[in-house]
Every structure is written in C-alpha cells, then in structure tokens.
Amino acid sequence: MSGAPTEGTLALLHTSPVHVPVFEALRDASRPGLGLQHFVAEDLLLRARERGPEDVADAVRALIGEAVGAGADAVLCTCSTLGVVAERAAAQVGVPVLRVDRPMAAAAVAAGPRIVVVAAVESTLEPTVALIRQEAAGRAVEVVARVVDGAWERFEAGDTEGYAQAVAAGVDGVVDADVIVLAQASMTVARHLVTTALPVLASPESGFAAAAEAAARAAAAAAPGNAGRSLP
C-alpha cells in the first residue's frame with residue numbers, strides 16, 4: 001500500500017507467518033486506508049505450549065511495546081493461546097490491545113448455549129473456553145472442547161490442505177451443538193470444506209474488523225486538534 005495510512009496503523013502479533021497474507025487480504029477488502037505492521041514470533045507459541053501462556057507474558061508485552069514504539073495505534077494478537085496475556089498489556093502500553101477471538105466468542109454466546117470449541121492445539125482450549133464463559137457474563141452455557149488429533153502436525157509440516165481436511169473432519173463430527181467455534185485463526189482454511197449444517201465461527205474477519213475500528217478511532221483521537229477529545 002502506498003502513501004501514509006489514512007485510518008491509522010494496526011500492528012498484528014502472529015505466531016505463524018501464514019497469518020500475514022490472511023490479514024493483508026482482509027485489510028485490502030475492507031479497510032484499504034489502514035496501515036498494517038506484522039510481528040511474527042513463532043517461538044512464543046512453542047514456549048506457551050510447553051510452559052503455559054504466563055511464561056511468555058513479559059515477552060508478549062515487550063513485543064507489543066515494540067509495535068507501539070514503531071507507531072501502532074492499536075495491536076491485534078492473532079494467537080488465541082496468547083490472547084489473554086496480550087490484552088493485559090493494554091494498560092501499560094497506552095493503546096488498544098485486542099485478541100482476535102473475542103468478537104467470535106461473543107457471537108458464539110449469542111448463537112446459543114451449547115457451544116463446541118474445536119482446536120488443533122490443546123494449549124488454545126483453556127483460554128478460548130474461559131473467554132466464552134467471560135463473554136457469557138453469567139448466562140448458562142455448556143462449552144465442550146475438542147482437539148483434532150494429528151491436525152497440528154500437518155500444519156507444522158506445511159501441509160495446509162491436509163490440515164484443512166483434518167480440521168473439517170473434526171468439525172463435521174460435532175453433533176448436539178448450537179454453534180461450533182474454531183479456536184485458532186489458522187483453522188479458517190477449513191470452513192469451505194465443512195459439510196455440517198451447524199454454524200461454524202472463525203475469528204479473523206470479526207477480530208480484524210474490531211481491531212481496525214479501534215486503530216482508526218485511536219488515530220483520529222490523537223490527530224492534531226483532537227487531543228483530549230472523546231470521539232463518538
């Protein structure tokens with residue numbers, strides 16, 4: 001994209017480079033005036049899977065600080081495993097920090113009380129289920145979590161089609177649910193393969209939309225003449 005961004009700058013924290021073109025395409029289709037910065041840290045997910053998200057909280061906060069220092073008006077964490085520690089950094093960095101799966105979680109709660117979370121990595125299940133219960137805000141929900149065996153190994157091997165097929169098979173095996181949640185942004189590639197009649201929610205589109213809006217609002221609020229004003 002040429003020229004200065006007209007809708008602010010959004011930094012994206014990824015744990016895989018495969019997400020970069022996905023979010024570039026979303027920007028090009030819906031917010032062409034938005035500047036994007038991509039920060040890819042694959043090691044953070046590896047460490048979080050081994051020792052838990054809290055083990056990488058300082059590293060996540062430092063990377064977000066780096067993004068803000070580079071001019072980001074808002075930050076979007078596209079890794080569901082790291083989302084909870086990323087959100088906590090907002091108070092320290094002074095810009096909106098969003099997790100990509102929060103809008104999806106809200107949509108899942110609105111769809112019905114029987115929610116099945118499907119993941120390719122087990123470390124994603126606990127934070128995703130906790131987020132859904134948080135979005136439920138005390139409403140009764142039944143959340144069932146499932147891992148698709150063997151899917152992540154295919155992803156790590158670069159077998160995108162095999163990964164998508166494995167995820168789709170896992171999704172199509174779900175019954176007795178009001179909605180199915182794909183816990184990881186990378187799982188979006190399977191949506192065109194599923195045959196279930198149940199609604200299947202993925203995080204990139206809704207998460208990006210929320211983050212893009214946050215970046216635009218923050219940039220507008222910081223523009224000359226708007227300092228100190230609360231924008232509608």
**Student:** Starting from Val85, can I reach Val95 by hopping between I/L/V/M/F/W/Y residues whose side chains sit under 4.5 Å apart?
**Tutor:**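 Linked within one cluster.
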
**Student:** Going by heavy atoms in the side chains, are Pro17 and Glu42 under 4.5 Å from each other?
**Tutor:**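 Yes. Closest side-chain heavy atoms under 4.5 Å.
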
**Student:** Checking side chain to side chain contact (heavy atoms under 4.5 Å, CB included) against Leu36, which of Leu12, Leu26, Thr9 comes through?
**Tutor:**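 The option that passes is Leu12.
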
**Student:** Could you go through the side chain to side chain contact (heavy atoms under 4.5 Å, CB included) check for Ser30 and Phe208 one step at a time?
**Tutor:** CA-CA 10 Å; Ser30 61; Phe208 173 78; 3.5 Å; yes

**Student:** So which heavy atom on Pro103 is nearest to which on Gly207, and how close?
**Tutor:**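 Closest pair (atom of Pro103, atom of Gly207, distance): CG-CA, 4.0 Å.
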
**Student:** Looking at every non-hydrogen atom in both residues, tell me the closest pair between Ala89 and Val97 and how far apart they are.
**Tutor:**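 The pair with the smallest heavy-atom distance is C-CG2, 4.5 Å.
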
**Student:** Could you please spell out the steps behind the salt bridge (Lys or Arg N to Asp or Glu O under 4.0 Å) verdict for Arg154 and Glu161?
**Tutor:** CA-CA 9 Å; Arg154 296 184 184 187; Glu161 187 58 29; over 6 Å; no

**Student:** Side-chain atoms of residues 52-62: list all donor-acceptor pairs with protein atoms under 3.5 Å, sequence neighbours left out, distances to 0.1 Å.
**Tutor:**
{"unit_1": "Glu54", "atom_1": "OE1", "unit_2": "Arg88", "atom_2": "NH2", "d": "2.8"}
{"unit_1": "Glu54", "atom_1": "OE2", "unit_2": "Arg88", "atom_2": "NH1", "d": "3.3"}
{"unit_1": "Glu54", "atom_1": "OE2", "unit_2": "Arg88", "atom_2": "NH2", "d": "3.0"}
{"unit_1": "Asp55", "atom_1": "OD2", "unit_2": "Arg51", "atom_2": "NE", "d": "3.0"}
{"unit_1": "Asp55", "atom_1": "OD2", "unit_2": "Arg51", "atom_2": "NH2", "d": "3.4"}
{"unit_1": "Asp58", "atom_1": "OD1", "unit_2": "Arg61", "atom_2": "NH2", "d": "2.2"}

**Student:** Out of Thr188, Leu182, Val174, which residue meets the side chain to side chain contact (heavy atoms under 4.5 Å, CB included) rule with Val200?
**Tutor:**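 For Val200, the side chain to side chain contact (heavy atoms under 4.5 Å, CB included) check succeeds only for Leu182.
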
**Student:** Taking all non-hydrogen atoms of both residues, which atom of Leu34 and which atom of Ala215 are closest, and how far apart?
**Tutor:**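 Nearest heavy atoms, Leu34 then Ala215: CD1-CB, 4.0 Å.
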
**Student:** Could you state the interatomic distance from CD (Gln184) to OG (Ser80), rounded to the nearest 0.5 Å?
**Tutor:**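 Atom-to-atom, Gln184:CD and Ser80:OG are 6.5 Å apart.
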
**Student:** Run Phe23 and Val100 through side chain to side chain contact (heavy atoms under 4.5 Å, CB included) and show every step you take.
**Tutor:** CA-CA 11 Å; Phe23 287 91; Val100 72; 4.1 Å; yes

**Student:** For Glu135, is the CD atom crowded, meaning more than 12 foreign heavy atoms sit under 6.0 Å from it?
**Tutor:**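 Counting neighbours around CD of Glu135, more than 12 heavy atoms of other residues, nucleotides or ligands fall under 6.0 Å, so yes.
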
**Student:** Side chain of Asp178, backbone of Arg114: donor and acceptor closer than 3.5 Å?
**Tutor:**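 Side chain of Asp178 to backbone of Arg114, a donor-acceptor pair under 3.5 Å: yes, one is there.
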
**Student:** To check you understand the geometry: which heavy-atom pair defines the closest contact between His19 and Ser186, and what is its length?
**Tutor:**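 Distance-wise, the nearest heavy atoms are CE1-N, 3.5 Å.
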
**Student:** Is a side-chain N or O of Arg27 found less than 3.5 angstrom from the main chain of Pro32, in a donor-acceptor match?
**Tutor:**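 Not confirmed, Arg27 side chain does not pair with Pro32 backbone.
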
**Student:** Restricting to non-hydrogen atoms, name the atom on Ala218 and the atom on Pro96 that form the minimum distance, rounded to 0.1 Å.
**Tutor:**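 Shortest heavy-atom contact: CB-CD, 4.3 Å.
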
**Student:** Is it true that a side-chain atom of Arg139 and a backbone atom of Ala136 form a donor plus acceptor pair closer than 3.5 Å?
**Tutor:**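 Pair found, side chain donor or acceptor close to backbone of Ala136.
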
**Student:** Which pair of heavy atoms, one from Leu198 and one from Ala177, lies closest together, and at what distance?
**Tutor:**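 Closest approach of Leu198 to Ala177: CD2-O, 3.2 Å.
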
**Student:** Can a donor-acceptor pair be found, under 3.5 Å and without considering hydrogens, that links the side chain of Gln37 to the backbone of Leu10?
**Tutor:**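 No, Gln37 side chain to Leu10 backbone: no donor-acceptor pair under 3.5 Å.
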
**Student:** For Met104, does its backbone N or O pair with a side-chain atom of Asp101 as donor and acceptor, under 3.5 Å?
**Tutor:**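 Pair absent, no side-chain N/O of Asp101 close to backbone of Met104.
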
**Student:** Is it true that a side-chain atom of Asp172 and a backbone atom of Thr195 form a donor plus acceptor pair closer than 3.5 Å?
**Tutor:**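 Indeed, once roles are kept as given, a pair shorter than 3.5 Å links the two residues.
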
**Student:** Please lay out, stage by stage, how Thr196 and Val171 fare under the test side chain to side chain contact (heavy atoms under 4.5 Å, CB included).
**Tutor:** CA-CA 8 Å; Thr196 179; Val171 169; 4.0 Å; yes

**Student:** Following the transitive rule for hydrophobic clusters with a side-chain heavy-atom cut-off under 4.5 Å over Ile, Leu, Val, Met, Phe, Trp and Tyr, establish whether Leu45 and Phe155 coincide in one cluster.
**Tutor:**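 In one cluster with Leu45: Phe155, yes.
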
**Student:** Distance check, rounded to the nearest 0.5 Å: Leu63 atom CG versus Leu44 atom CG?
**Tutor:**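 Leu63 CG to Leu44 CG: 6.5 Å, rounded to 0.5 Å.
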
**Student:** Answer with yes or no whether the hydrophobic clustering places Val40 together with Leu13; edges join I, L, V, M, F, W, Y residues whose side-chain heavy atoms lie under 4.5 Å apart.
**Tutor:**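 No, no single cluster joins them.
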
**Student:** Quick one: side chains of residues 142-152, donor-acceptor pairs under 3.5 Å with protein atoms, not counting sequence neighbours, listed by atom name and distance.
**Tutor:**
{"unit_1": "Trp152", "atom_1": "NE1", "unit_2": "Glu156", "atom_2": "OE2", "d": "3.2"}

**Student:** What do the steps show when you test His14 against Cys79 for side chain to side chain contact (heavy atoms under 4.5 Å, CB included), and what is the final call?
**Tutor:** CA-CA 6 Å; His14 308 295; Cys79 176; over 6 Å; no

**Student:** Are Val93 and Phe39 connected, step by step, through hydrophobic side chains (Ile, Leu, Val, Met, Phe, Trp, Tyr) whose heavy atoms are closer than 4.5 Å?
**Tutor:**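 Yes.
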
**Student:** Test Arg102 against Gln134 for side chain to side chain donor-acceptor pair (under 3.5 Å), laying out the working first.
**Tutor:** CA-CA 10 Å; Arg102 186 172 287 282; Gln134 186 182 84; 2.6 Å; yes

**Student:** Under 3.5 Å, which donor-acceptor pairs do the side chains of residues 122-133 form with other protein atoms, sequence neighbours left out?
**Tutor:**
{"unit_1": "Ser123", "atom_1": "OG", "unit_2": "Thr81", "atom_2": "OG1", "d": "3.3"}
{"unit_1": "Thr124", "atom_1": "OG1", "unit_2": "Thr81", "atom_2": "OG1", "d": "3.0"}
{"unit_1": "Thr128", "atom_1": "OG1", "unit_2": "Thr124", "atom_2": "O", "d": "2.8"}

**Student:** Please check if Val116 and Val167 belong to a single hydrophobic cluster, counting links between Ile, Leu, Val, Met, Phe, Trp and Tyr side chain heavy atoms closer than 4.5 Å.
**Tutor:**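 Linked within one cluster.
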
**Student:** For the CZ atom of Arg99 and the CD atom of Glu87, what is their distance to the nearest 0.5 Å?
**Tutor:**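 The CD atom of Glu87 is 5.5 Å from CZ of Arg99, to the nearest 0.5 Å.
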
